[in-house]
Amino acid sequence: MLDEEEKLKKALMKKALGYDTQEVVMEYALDENGQAKLTKKKVTKKHVSPDITAMRVLFEKFSGGDLAEQIRNMSDEELQAERARLLNILKEEEDGSI
C-alpha cells in the first residue's frame, strides 16, 4: 500500500499532466411490480486538462535544491512550455524513438 506522500505525488502528477475519465449517468424507473429497473445508461468520456498549479505544487513539494527554486520562479507560460517539452520526451519514449 502506498504511503500518504506517494498517494499525493501520484494524484498531483495525474492532475498536472491531465487525464481521461468516464462519467456514467443511470436512470431508473419502477416496473409493474414496483421494482427499480434501469431504463437508461449514458457513458460520457471526458478529458480533464492539465493543471499548471498542480504541476507547480508537485515540483515545489517533491523536487529539491535548485530545480525547485527555478520552477517556483517560472511564469505560467514558462511552465506550459516546460510541460510541452516533457510530454514530447515521454511520447518519444513511448513510441520507441529514444
Single-linkage hydrophobic cluster Val24~Tyr28, side-chain heavy atoms < 4.5 angstrom: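 Yes.
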Leu87 reachable from Tyr19 in the ILVMFWY side-chain graph, under 4.5 Å edges: no
Drop me the distance from [X]'s [atom1] to [Y]'s [atom2], to the nearest 0.5 angstrom.
{"X": "Leu12", "Y": "Met55", "atom1": "CG", "atom2": "CE", "value": "11.0 Å"}
{"X": "Gln80", "Y": "Ile52", "atom1": "CD", "atom2": "CD1", "value": "4.0 Å"}
{"X": "Asp51", "Y": "Lys15", "atom1": "CG", "atom2": "NZ", "value": "4.5 Å"}
{"X": "Lys37", "Y": "Leu30", "atom1": "NZ", "atom2": "CG", "value": "11.5 Å"}
{"X": "Lys46", "Y": "Thr21", "atom1": "NZ", "atom2": "OG1", "value": "9.0 Å"}
{"X": "Leu86", "Y": "Leu17", "atom1": "CG", "atom2": "CG", "value": "8.5 Å"}

Least distance between heavy atoms, [X] atom then [Y] atom:
{"X": "Leu38", "Y": "Lys40", "value": "CD1-O, 3.5 Å"}
{"X": "Ala16", "Y": "Ala54", "value": "N-CB, 3.9 Å"}
{"X": "Glu78", "Y": "Met74", "value": "OE1-CA, 3.2 Å"}

Close side-chain approach of Met26 and Thr39, heavy atoms under 4.5 Å: no
Arg56 and Leu79, any side-chain heavy atoms less than 4.5 Å apart: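 Yes, their side chains come closer than 4.5 Å.
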Exam field: side chain Asp31 to backbone Asn33, donor-acceptor pair closer than 3.5 Å: yes
